Colleague: 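Pasting in a structure now, in structure tokens, and then I'll have a few things to ask.
Residue numbers start at 1 and run along the sequence shown. Being a predicted model, the structure only gives us computed values, none of them experimental. Whatever order the structure lists them in is the order used to number ligands and atoms, beginning at 1.
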Amino acid sequence: MLDTLGNLERTHTCGELRTSNVGEAVVLMGWTAKKRDFGIFTFIDLRDRYGLTQIVVSEETANQAHEKAKNVRGEFVIAVKGTVVARTPETINKKLPTGEIEVQASEILILNDAKVPPFQLEVVGSENLASEDLRLKYRYLDLRRSQLQNNIRMRAKTIAKIREFMEMRDFIEIETPILLKSTPEGARDFIVPSRIHTGKFFALPQSPQILKQLSMIAGFDRYFQIARCFRDEDLRADRQPEFTQLDIEMSFANQEMVFRTLEGVMREVFALIDADFETPFPRMTYADAMRRFGSDKPDLRFKMELADLSEDLRETDFVPFATVLENKGEIKCVVARGKADYSRKQLDELQEFVKRYGAGALAWIKIGDELTSSLLKVLGQEKIEQLAKTANAEKGDAVLIVAGKKSVVAASLGALRVEVAKRENLIAKNLYKPLWVTEFPMFEYNEDTGNYDAMHHPFTSLMDEDVPLFKRAIEDGETELLGKIRARAYDIVINGYEIGSGSIRIHQREIQNLIFKALGLTPEKARERFGFFLEALEYGTPPHGGFAAGIERIVMILQGTDNIRDVVAFPKTASAQDLMMDSPGVVDDAQLKELGIKIVE
Ligand code: ASP
């Protein structure tokens, strides 16, 4: 028989009581995390979202409660009436904030029972953690674990901080529609069939980009939104098909104003974890980031910059290198400090690692007591010494070399740099290194279509200096110049994560038309997709710019997790399924019929 709650109310939470409460009569409610039976005494660890309090039930002083405690099992929901008592010195638990007291129960109410959970909830760290799929199926149980509770609370605090900051600075929160029109922005849209307009579809927003720009045209001047966005992207472990952004747009804004706003937001947010967070953020152009770190999101918590060996090898007759250089490729390296003792096996592992990024092989030089290298036979001692010098390697170091197409060299060495830093523990804990990456290319060549795509999005403005080049590309049909044009687009990167992107936008219709033309959109297509927006640009559009920052990424960094699902209350798997609800699911034939939809195998 279960007890009823009646009028009983909690006096305290399970994380609240301290020695200053000793002697007080209290009522606690929560879940039974653990029960230990010692004959005349029973101990119950009572848990709620605030913490854990030890309850002691004694046969001698509370016989009825003691009897009742016998029926209590893991995850039962109970209420405890009792008195706060100080623990004896030898029973104090320093790890618990409530560890200096316990509650001596006088009465126990069993408010609800619970089946035995399908996995163990009380685990320390990630040891003994059940498989993620099982935990996702019973997400509501997994969420009881303090680690996830903390993550979700930090997420809420982050969003609250952001709202407070934005409102203080006169930004207006505007909710934009979830049912939108499909205007593919890079990723695929999730589409929603309309019943009333059979055969027509809404699309879920990939971002409220156009709507926030329209808000500027509407005169709102400073917009923000904690915006849910949806992208039907191919499966990636670190993505969710739906995610949340802090979306911002400002009128009459230059890049510096956007930067100051975002730096302010980030400083406030990182203050939540008392992080030492430098503002203003350092800046690096995209070109420099790629050259120095092989990545547009360099992790600056450790050095290890790429060095270019191409010049030293310009005259080489070693065919693989000569071919790479002839084909405008590069030969670059990173130095693993103090790793001249890398074994054959370790080097083979690193070679396998770079192969995943398209590299053909990993060459190496080790400066141990003597110089050894996978290239010694083909290049000779002298050349190897020269390469080591260019790489800035010293005695004890290993030089790791990749040759190939520029994009492959960047991708593989950029990733190798991080891999080596992780393996060798070069990354300090509790260190946060923000960075603005600026001057992104406007266009990106798409090898599949033979067209240029917008690297950020088509509403991004060009750097003034590059406008003449852009006009030449369009007017004289020199399309290959498009790859050289830089945009007023910027990213925030923290610890190697892209936190978000933004840009100063195009606010003049003619330029917007030219950009669509460069992207291979005919005027008809452009009108069909963006006609309403192009028209709006003609009714007095202020210069404007903005940014969007990923809430999940931010909370992941704050909480020190690499798993995006750890910071989403009810996440989907890497293959975009909800294992708890079993979605996506099928719908009735009747529903489909109403929508005029037929499933074709
Ligand atoms: N809409 C862009 C995005 O979601 C951000 C921006 O340009 O403000 O990435």
Colleague: Below a 4.0 angstrom heavy-atom separation, can you tell me which part of Phe459, side chain or backbone, both or neither, approaches ligand 1?
Modeller: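 Answer for Phe459: neither.
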Colleague: Are Arg488 and Glu439 close enough for a salt bridge, meaning some N to O gap below 4.0 Å?
Modeller: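 Not counted as a salt bridge, because no side-chain N and carboxylate O are separated by less than 4.0 Å.
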Colleague: Using the ring of each side chain (for Trp, its six-membered ring), is Phe277 parallel, tilted or perpendicular to Phe270, with breaks at 30° and 60°?
Modeller: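 The arrangement is parallel - the two ring planes meet at less than 30°.
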Colleague: Would you say Asp247 has any N or O atom under 3.5 Å from an N or O of ligand 1, going by distance alone?
Modeller: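 It does not: no N or O of Asp247 is found under 3.5 Å from an N or O of ligand 1.
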Colleague: Would you mind running through ligand 1 and noting each atom that sits below 4.0 Å from a heavy atom of Ser501?
Modeller: 5 (C), 6 (C), 8 (O)
Colleague: Counting the benzene-type ring for Trp, do Phe281 and Tyr490 have ring centres under 6.0 Å apart?
Modeller: no
Colleague: Do Ser501 and His456 make a side-chain contact, defined as non-hydrogen atoms from C-beta onward lying under 4.5 Å apart?
Modeller: yes
Colleague: Just checking Asp582: does its CG atom have more than 12 heavy atoms from other residues, nucleotides or ligands closer to it than 6.0 angstrom?
Modeller: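 No - once you tally the heavy atoms of other residues, nucleotides and ligands closer than 6.0 Å, there are 12 at most.
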Colleague: Can an N or O of Gln206 be found at a distance shorter than 3.5 Å from an N or O of ligand 1?
Modeller: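 Between Gln206 and ligand 1, no N or O pair is found under 3.5 Å apart.
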Colleague: Numbering the atoms of ligand 1 from 1, which are under 4.0 Å from a heavy atom of Lys212?
Modeller: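 Every atom of ligand 1 under 4.0 Å from some heavy atom of Lys212: 6 (C), 8 (O).
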Colleague: Say whether Ser503, considering both its backbone and side-chain N or O atoms, lies within less than 3.5 Å of an N or O atom on ligand 1.
Modeller: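 N/O-N/O distance under 3.5 Å: no.
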Colleague: Near Phe547, which atoms of ligand 1 are under 4.0 Å from a heavy atom of that residue?
Modeller: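 Answer, ordered by atom number: 8 (O).
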Colleague: Can you find a non-hydrogen atom of Arg231 under 4.0 Å from ligand 1?
Modeller: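 Contact check Arg231 vs ligand 1: positive.
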Colleague: If you count every heavy atom of other residues, nucleotides or ligands that lies below 6.0 Å from Met581 atom CE, does the total exceed 12?
Modeller: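 Count not over threshold, so no.
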Colleague: Backbone, side chain, both or neither: what part of Arg505 comes under 4.0 angstrom of ligand 1, heavy atoms only?
Modeller: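 Under 4.0 Å from ligand 1, Arg505 contributes side-chain atoms alone.
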Colleague: For ligand 1, which atoms have a heavy atom of His456 less than 4.0 angstrom away?
Modeller: 6 (C), 7 (O)
Colleague: Can you classify the ring geometry of Phe171 versus Phe224 as parallel (below 30°), tilted (30 to 60°) or perpendicular (above 60°)?
Modeller: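 Because their plane-to-plane angle is over 60°, the rings of Phe171 and Phe224 count as perpendicular.
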Colleague: Side chain or backbone of Ser207 under 4.0 Å from ligand 1, or both, or neither, by non-hydrogen atoms?
Modeller: side chain
Colleague: Assess Arg417 against Phe302: is NZ or CZ under 6.0 Å from the centre of the six-membered ring, and within 45 degrees of the ring's axis?
Modeller: yes
Colleague: Has Glu249 got any heavy atom lying under 4.0 angstrom from an atom of ligand 1?
Modeller: no
